[in-house]
Trainee: 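Structure in structure tokens, see below.
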Amino acid sequence: VYGGKIDGELITRICKKNGTPCWCKIIYHVMKIDEQNMRLIGKITDIDEEMKEKQALVKKAQMDALTGLYNKDAFKDQCVEYLKEYQYVNNAIVFFDVDNFKDLNDSLGHPIGDKALRDISQKMQLIFSIRDTMGRFGGDEFCVLVKNISEAELRTTLESLLEELRLEYGSRFLKVSVSVSIGAVCTREFGNDFDKLLEYADKAQCCAKETGKDGYAIYNGELRLKGYE
């Protein structure tokens, strides 16, 4: 040790006397007295509020303000990290948009359109597991990373999603119905490259949209869609 001294700084969580965890900054100085003895001098500062404020700001930057789901960039970051670590289980990327959403906005106004998006996000959080990652891509597009799921379980989940997201808005004089068109792809067959998986899920979603809306398609590598030949 140069000069027999070590100086450093550590940010960690420690427990208070009552057992409550607290973020603290520890500044320490270690002095080597001889070959067998050292002296430690330090200062512990409570930075719990500061750390919580920073964490809240980071979380706010990652979230879509309207729905409370991850925004597009944060969603991708979360997925890339997870797919890199969990390469040997079957996961799925589910991508969907809202059928007739433009009609809803044009007929009933954007506040009702916003309400529909919030309703959809709330229902998503009931349908998918808390372990899954959910994001809004902007507009009326949503994406979910469904973790560790078989294709049979995925189909059941997609059926539930279709059922729960058949919604109606308006009054007795004017009503607009919305639904969703869904595309999905499984990692077991097509790997863990997020961008490729999203591309395949988008192709499947286009297939569901072109074959009548309010349905789903799972990418199988053989889809031949207009504009994708």
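Nothing here was measured: the structure is a model prediction, and the numbers come from that model. In this chain, numbering begins with 1 at the start of the sequence shown.
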Trainee: For the atom pair CG (Leu161) and CZ (Phe128), what is the distance rounded to the nearest 0.5 Å?
Mentor: 4.5 Å
Trainee: Nearest 0.5 Å, what's the OG-CZ distance between Ser181 and Phe95?
Mentor: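 That separation rounds to 11.0 Å.
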Trainee: With heavy-atom distances below 4.5 Å as the criterion, would you say the side chains of Ile44 and Ile27 are in contact?
Mentor: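 No. Closest side-chain heavy atoms not under 4.5 Å.
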Trainee: Does the ring center of Phe75 lie less than 6.0 Å from the ring center of Phe137?
Mentor: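 Yes, ring centres under 6.0 Å apart.
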Trainee: Taking Asp64 for the side chain and Leu69 for the main chain, is one N or O donor matched with an acceptor at less than 3.5 Å?
Mentor: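 Side chain of Asp64 to backbone of Leu69: no pair is present.
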Trainee: How close do Ala208 and Gly215 get, heavy atom to heavy atom, and via which atoms?
Mentor: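 Residues Ala208 and Gly215, closest heavy atoms: CB-O, 3.6 Å.
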Trainee: Could you state whether Leu10 and Ile41 fall into the same hydrophobic cluster, counting links through intermediate Ile, Leu, Val, Met, Phe, Trp or Tyr residues with side-chain heavy atoms under 4.5 angstrom apart?
Mentor: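 No, Leu10 does not connect to Ile41 through the hydrophobic network.
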Trainee: Has Lys76 got its NZ or CZ under 6.0 Å from the middle of the six-membered ring of Phe194, at an angle within 45 degrees of the ring axis?
Mentor: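 No, Lys76 does not lie over the aromatic ring of Phe194.
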Trainee: Charged N to carboxylate O under 4.0 angstrom, Lys203 versus Glu199?
Mentor: yes
Trainee: Between Arg136 (side chain only) and Gly139 (backbone N and O only), is there a donor and an acceptor less than 3.5 Å apart?
Mentor: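 A pair under 3.5 Å: yes.
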Trainee: Is a donor on one side and an acceptor on the other found under 3.5 Å between the side chain of Ser107 and the backbone of Leu104?
Mentor: no
Trainee: Report whether Val144 and Leu126 are members of the same hydrophobic cluster (ILVMFWY, side-chain heavy atoms less than 4.5 Å apart, transitive linking).
Mentor: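 No, it is not one cluster - the side chains of Val144 and Leu126 are not joined through contacts under 4.5 Å.
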Trainee: Donor-acceptor check, side chain of Asn192 to backbone of Lys84, threshold 3.5 angstrom: yes or no?
Mentor: no
Trainee: Show, in sequence, the C-alpha distance, side-chain angles and deciding distance for Leu167 and Val98, and conclude whether the side chain to side chain contact (heavy atoms under 4.5 Å, CB included) test is met.
Mentor: CA-CA 10 Å; Leu167 306 172; Val98 183; over 6 Å; no
Trainee: Of the non-hydrogen atoms in Gly113 and Asn105, which two are nearest, and what is the gap between them?
Mentor: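 For Gly113 and Asn105, the tightest heavy-atom pair comes out as CA-OD1, 3.3 Å.
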Trainee: Using 0.5 Å steps for rounding, measure from the CD1 atom of Ile127 to the CD atom of Gln122.
Mentor: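 Result: 12.0 Å between the selected atoms.
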Trainee: Closer than 3.5 angstrom, by distance alone: can the side chain of Asn91 be matched with the main-chain N or O of Asn148 as a donor-acceptor pair?
Mentor: yes
Trainee: Tell me, do Gln205 and Asp202 make a side-chain contact under 4.5 Å, heavy atoms counted?
Mentor: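 Yes, their side chains come closer than 4.5 Å.
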Trainee: Side chains of Asp214 and Val180, heavy atoms from C-beta outward: is any pair under 4.5 Å?
Mentor: no
Trainee: As an exercise, state the distance from OG1 of Thr45 to NZ of Lys43, rounded to the nearest 0.5 Å.
Mentor: 4.5 Å
Trainee: Applying side chain to side chain contact (heavy atoms under 4.5 Å, CB included), run through Cys22 and Asp46 and close with a yes or a no.
Mentor: CA-CA 7 Å; Cys22 173; Asp46 183 338; 3.3 Å; yes
Trainee: In Å and rounded to the nearest 0.5 Å, what is the CG to SG distance from Asn220 to Cys186?
Mentor: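 Result: 11.0 Å between the selected atoms.
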Trainee: Considering all heavy atoms of both residues, which atom of Gly68 and which atom of Met63 are nearest to each other, and what is their separation?
Mentor: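 Shortest heavy-atom contact: O-SD, 3.6 Å.
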Trainee: Whether the side chain of Arg131 engages the backbone of Lys147 through a donor-acceptor N/O pair (distance < 3.5 Å, no angle test) should be reported.
Mentor: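 It does hold such a pair.
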Trainee: Are there over 12 heavy-atom neighbours, none belonging to Ile14, within less than 6.0 Å of that residue's CD1?
Mentor: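 More than 12 heavy atoms, drawn from other residues, nucleotides or ligands, come within 6.0 Å of this atom.
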Trainee: Taking only residues two or more places apart in sequence, or in another chain, which ones meet Phe190 in a ring-ring contact (aromatic ring centres under 6.0 Å, His included)?
Mentor: Tyr200, Tyr219
Trainee: Using only atom types and a distance under 3.5 Å, with no angle test, would you say the side chain of Gln125 pairs donor to acceptor with the backbone of Ser121?
Mentor: yes
Trainee: Taking the side chain as everything from C-beta on, heavy atoms only, tell me whether Glu9 gets closer than 4.5 Å to Tyr28.
Mentor: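 No, side chains not in contact.
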Trainee: Taking the side chain as every heavy atom from C-beta outward, state whether Val94 and Leu154 have any atom pair closer than 4.5 Å.
Mentor: yes
Trainee: In the structure I gave you, are the side-chain heavy atoms of Val176 and Tyr169 within less than 4.5 Å of one another anywhere?
Mentor: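 SC-SC contact between Val176 and Tyr169 ruled out.
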Trainee: Should Glu189 and Glu151 count as side-chain neighbours, where that means a heavy-atom distance under 4.5 Å?
Mentor: yes
Trainee: For side chain to side chain contact (heavy atoms under 4.5 Å, CB included), just list the numbers for Leu162 and Ile182, CA-CA rounded to whole Å, side-chain angles, deciding distance to a tenth of an Å, and then say yes or no.
Mentor: CA-CA 8 Å; Leu162 288 174; Ile182 309 168; 3.6 Å; yes
Trainee: Do the side-chain N and O atoms of Glu153 and Ser150 include a donor-acceptor pair separated by under 3.5 angstrom?
Mentor: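 Side-chain D/A pair, Glu153 to Ser150: present.
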Trainee: Just by distance, do the side chain of Asp106 and the backbone of Asp103 share a donor-acceptor pair under 3.5 Å?
Mentor: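 Between the backbone of Asp103 and the side chain of Asp106 there is no qualifying donor-acceptor contact (under 3.5 Å).
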Trainee: Is it the case that the side chain of Asn100 and the backbone of Ser177 share a donor-acceptor pair, with hydrogens and angles ignored and the cut-off at 3.5 Å?
Mentor: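 Pair found, side chain donor or acceptor close to backbone of Ser177.
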Trainee: Are Asp97 and Lys209 ion-paired here, with the side-chain N under 4.0 Å from a carboxylate O?
Mentor: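 Here Asp97 pairs with Lys209 in a salt bridge, since their nearest N and O are under 4.0 Å apart.
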Trainee: Evaluate the criterion side chain to side chain contact (heavy atoms under 4.5 Å, CB included) for residue pair Leu145 and Leu83; output intermediate values, then yes/no.
Mentor: CA-CA 9 Å; Leu145 169 61; Leu83 292 170; 4.2 Å; yes
Trainee: Rounded to the nearest 0.5 Å, what separation is found between the CG atom of Leu198 and the SG atom of Cys143?
Mentor: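 Rounded to the nearest 0.5 Å, the CG-SG separation comes out at 5.5 Å.
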Trainee: Run the salt bridge (Lys or Arg N to Asp or Glu O under 4.0 Å) test against Asp119 and tell me which residues pass, sequence neighbours left out.
Mentor: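 Residues passing salt bridge (Lys or Arg N to Asp or Glu O under 4.0 Å) with Asp119: Lys115.
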Trainee: Do the non-hydrogen side-chain atoms of Thr67 and Met134 ever get within less than 4.5 Å of each other?
Mentor: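 When only atoms from C-beta onward are counted, Met134 and Thr67 do not touch, as no gap falls below 4.5 Å.
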Trainee: Is it the case that atom CD in Gln87 sees more than 12 heavy atoms from other parts of the structure closer than 6.0 Å?
Mentor: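 Counting other residues, nucleotides and ligands, CD of Gln87 exceeds 12 neighbours.
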Trainee: Could you tell me whether the side chain of Asp48 and the main chain of Trp23 form a donor-acceptor pair under 3.5 Å?
Mentor: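 Indeed, once roles are kept as given, a pair shorter than 3.5 Å links the two residues.
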